[in-house]
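Below, chains carry the letters A, B, ... as their sequence lines are ordered, and counting in each starts from 1. Side chains are part of it too, since the values below use all heavy atoms of this structure and drop only hydrogens, waters and symmetry mates. Because the structure is predicted, anything quoted here is derived from the model rather than measured.
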2 protein chains.
Amino acid sequence: MASMNEVAKKAGVSVATVSRVLNNSTNVNDETRARILKAIKALNYQPSRVAKRLRSKSVSSNLLGVLIPDIENPFYVDVLRGIEDVAYNHNYAIIMCNFGQDEKKEKLYLEILQSESIDGLIAAPASEDDLQLKKMVSDGLPVVCVDRGLSNTEVDLVLVNNERGAYLAVDHLIKRGYKRIAYIAGMQSIPSSRYREMGYKKALEDNGMTFDETLVRFGNSKHQSGVELCRELLSLPEPPDAVFTGNNLITLGALETIHSQGLKIPGDIAIVGFDDMYWASSLNPPLTAVRQPAIEIGRRAGELLIQRISDTKRAPIQMMLNVELIERSST
Amino acid sequence: MASMNEVAKKAGVSVATVSRVLNNSTNVNDETRARILKAIKALNYQPSRVAKRLRSKSVSSNLLGVLIPDIENPFYVDVLRGIEDVAYNHNYAIIMCNFGQDEKKEKLYLEILQSESIDGLIAAPASEDDLQLKKMVSDGLPVVCVDRGLSNTEVDLVLVNNERGAYLAVDHLIKRGYKRIAYIAGMQSIPSSRYREMGYKKALEDNGMTFDETLVRFGNSKHQSGVELCRELLSLPEPPDAVFTGNNLITLGALETIHSQGLKIPGDIAIVGFDDMYWASSLNPPLTAVRQPAIEIGRRAGELLIQRISDTKRAPIQMMLNVELIERSST
DNA sequence: AAAATGAATGTAAACGTTGTCATAAATATG
DNA sequence: CATATTTATGACAACGTTTACATTCATTTT
């Protein structure tokens with residue numbers, strides 16, 4: 001890799017002038033500029049983003065961090081896609097950190113990101129009380145949270161109306177005549193799990209139904225927990241006649257269990273999931289689901305972050321996007 | 001962020017000594033070491049990976065590039081997961097580049113990766129003749145290819161026996177009595193599409209069936225192409241009675257079309273897909289599929305890369321992993 | 001014609017490390 | 001005791017940029 005020095009030598013100028021050309025600053029002679037551009041081409045010179053980053057924090061070094069809990073979850077993949085989309089358009093590269101709901105791993109990744117001098121970070125933190133992340137925010141790193149916020153901390157945030165989504169789902173089940181509606185939730189420490197629980201309870205209440213806590217199970221947000229918790233629910237003396245699942249992976253897990261027990265959907269049991277997938281209509285049966293605009297969440301977060309990088313002072317913005325219930329045949 | 005200099009000052013030593021402690025080199029007094037460690041803790045010092053990377057290419061700067069065609073494809077997500085797994089265990093961070101089958105985007109990402117002075121790269125290149133990538137390989141960057149190789153270039157490679165996978169799928173269909181078996185392929189420029197075609201043809205041939213080229217359609221490897229090409233096939237005067245789909249996304253697209261036309265699987269038409277998904281048993285109907293060990297591909301590639309980084313000279317290794325046919329109810 | 005301006009360029013420090021070399025003190029060797 | 005060796009440490013250059021400041025020269029202003 002040719003360096004600026006070699007270019008300068010070849011063009012017979014100093015590095016400063018080369019730098020000026022590269023950052024198309026004024027006051028450089030047309031002929032010199034041409035000579036330098038020629039040398040750049042000849043040597044196939046590419047500026048080192050590393051050196052740039054080291055030299056000045058002020059100038060953008062075009063590196064973003066993305067910290068997500070679980071890349072196996074199609075929802076986060078879509079968020080990532082949205083982020084990648086705007087990052088690419090602004091010439092940013094992305095360091096992807098997938099911490100798999102493991103707080104130790106999250107911690108290590110945050111350290112690495114800091115150490116890489118990223119310009120900004122988009123994160124779905126493991127916990128609302130993430131001290132390390134809070135510190136990074138208060139130290140001035142541009143941060144945008146997605147899906148989950150940080151308690152007592154002013155930070156840009158893009159999420160979805162979780163309570164409303166759950167309400168829509170459960171209300172829909174009730175209107176369809178289901179009486180014993182279970183909720184298979186994700187990790188209790190994740191805010192969205194709790195908001196969705198609130199929506200679940202509110203829908204029951206608004207419809208004059210009583211809340212039965214044996215029908216609510218918190219898991220670890222993964223596929224396997226969907227499998228197992230659904231099995232538990234089905235083996236209850238009075239099993240549910242419908243189940244509301246807390247995310248993508250749980251839904252697929254629950255479906256697996258239901259199918260393996262040979263139950264009919266929605267005849268024996270109905271199901272509505274949080275998170276839609278574009279292939280949800282090819283599931284057996286086509287799944288009724290609450291759709292989050294995942295790609296848009298990613299895009300918005302990316303835009304907010306890039307804004308914030310260029311204006312650290314602007315007041316934090318919190319965006320709550322809308323969800324919608326997609327009715328198919330599982331309910 | 002405290003720098004080494006501040007630590008040195010605080011501990012009353014020179015930066016050299018601090019560096020020695022950090023790289024636990026010998027010949028540093030126990031008492032001094034203790035003092036330095038204390039200072040490091042007090043200042044919450046973290047070494048800058050950026051400075052490290054700039055300073056010496058010799059010492060590992062712990063940054064890997066991953067270049068994949070399509071993060072929406074669960075196969076690549078799994079590969080990524082495998083890579084991430086071993087990267088994390090070796091304290092490497094990952095710059096993720098998703099080029100969405102767009103060669104211009106791929107080019108830009110390769111430039112960025114180079115400019116970021118990555119230690120090594122795992123790539124599924126857009127084309128076998130990718131000049132830019134070939135150049136990077138010959139310039140000495142450690143590279144491991146996954147899923148697709150580079151022509152006339154010695155490079156580590158991890159892939160799967162595509163021909164055999166296709167053969168298994170098509171042979172299975174034939175044994176089940178299907179007569180007109182279509183193949184909805186991905187992009188023709190992608191080697192795996194062609195190897196799968198070879199397997200498809202070979203299975204026909206070995207079973208004494210004639211090859212009908214109107215039953216083979218190449219697309220762009222995305223969901224939408226599955227939708228459309230399947231529609232084309234179904235509206236043929238003599239439509240197929242079975243279809244072999246070239247990847248994950250195509251399978252889901254084809255399913256969508258089949259369902260939307262109200263056809264029964266496998267009664268009206270059978271389907272077997274390349275790429276399994278763990279939730280394939282929840283599809284309607286449970287999908288018969290050729291399984292690639294995607295996570296293992298990622299892991300192996302990660303291991304090969306880390307090996308190669310530490311030993312640039314070792315002869316290239318090409319690994320071909322096995323596929324298996326998972327029989328469910330769509331055939 | 002001297003002074004002031006401005007354009008074009010160069011010099012050098014800085015960013016935070018690593019690593020080579022030099023130096024000083026302590027210890028071992030004869 | 002003189003010399004050689006080892007141990008512990010520091011000084012400084014280098015990596016490839018950016019940028020503040022200095023310099024040179026041509027042009028304009030008085």
If you compare every side-chain N and O of S48(A) against the phosphate oxygens of dG16(D) (OP1, OP2), does one of them come in below 4.0 Å?
no

Of the listed nucleotides dT9(C), dT17(C), dT17(D), the one nearest the side chain of Y45(A)
dT17(D)

Tell whether R20(B) reaches the base of dG10(D) with its side chain through a donor-acceptor pair below 3.5 angstrom.
yes

Who passes side chain to side chain contact (heavy atoms under 4.5 Å, CB included) against S117(A), sequence neighbours left out?
R53(A), K57(A), V50(B)

For K134(A) and E128(A), what are the C-alpha separation, side-chain angles and deciding distance, and is it a salt bridge (charged side-chain N to carboxylate O under 4.0 Å, His left out)?
CA-CA 9 Å; K134(A) 281 185 181 178; E128(A) 282 178 289; over 6 Å; no

Starting from the 5' end of DNA chain C, give me the residue, V15(B) or D30(A), whose nearest nucleotide shows up first.
D30(A)

What is the separation between atom CD on E116(B) and atom P on dG16(D), rounded to the nearest whole Å?
15 Å

Heavy atoms from C-beta onward define the side chain here; which of dT11(C), dA11(D), dT17(D) lies closest to that of A16(B)?
dA11(D)

Nucleotide nearest K52(B) (side chain, heavy atoms from C-beta), chosen from dT17(C), dT17(D), dG16(C):
dT17(C)

With a sphere of 6.0 Å drawn around CD of E154(B), does it hold more than 12 non-hydrogen atoms of other residues, nucleotides or ligands?
no

Looking at every strand, decide which applies to Q46(B) at a 4.0 Å heavy-atom threshold: base, sugar-phosphate, or nothing.
sugar-phosphate

Look at all strands and tell whether N27(A) reaches a base, only sugar-phosphate, or nothing, counting heavy atoms closer than 4.0 Å.
base

Ignoring the backbone of T17(A), work out which of dA11(D), dT17(D), dG10(C) is nearest its side chain.
dG10(C)

Can you tell me how far P of dG16(D) sits from CG of N23(A), to the nearest Å?
17 Å

Greater than 12 external heavy atoms within 6.0 Å of R308(A)'s CZ:
yes

As a test of reading the structure: which of dG16(C), dT9(D), dT11(C) is closest to the side chain of N29(B), going by heavy atoms?
dT9(D)

Closest to the T32(A) side chain, choosing from dT17(C), dT9(C), dG10(C)
dT9(C)

Starting from P on dT17(D), measure out to CG on N5(A) and report it in whole angstrom.
9 Å

What are the two closest non-hydrogen atoms of Y45(A) and S3(A), and how far apart are they?
CE1-C, 3.6 Å

Nearest-neighbour nucleotide for the A51(B) side chain, dG16(C), dG10(C), dG10(D) considered
dG16(C)

With nearest nucleotides of DNA chain D determined for V13(B) and L54(B) from heavy-atom distances, which residue corresponds to the more 5′ nucleotide?
V13(B)

Quick one: which of dT17(C), dT19(D), dG10(D) gets closest to the side chain of P47(B)?
dT17(C)

Under 4.0 Å, counting only non-hydrogen atoms across every strand here, what does V50(B) touch: a base, just sugar-phosphate, or nothing?
nothing

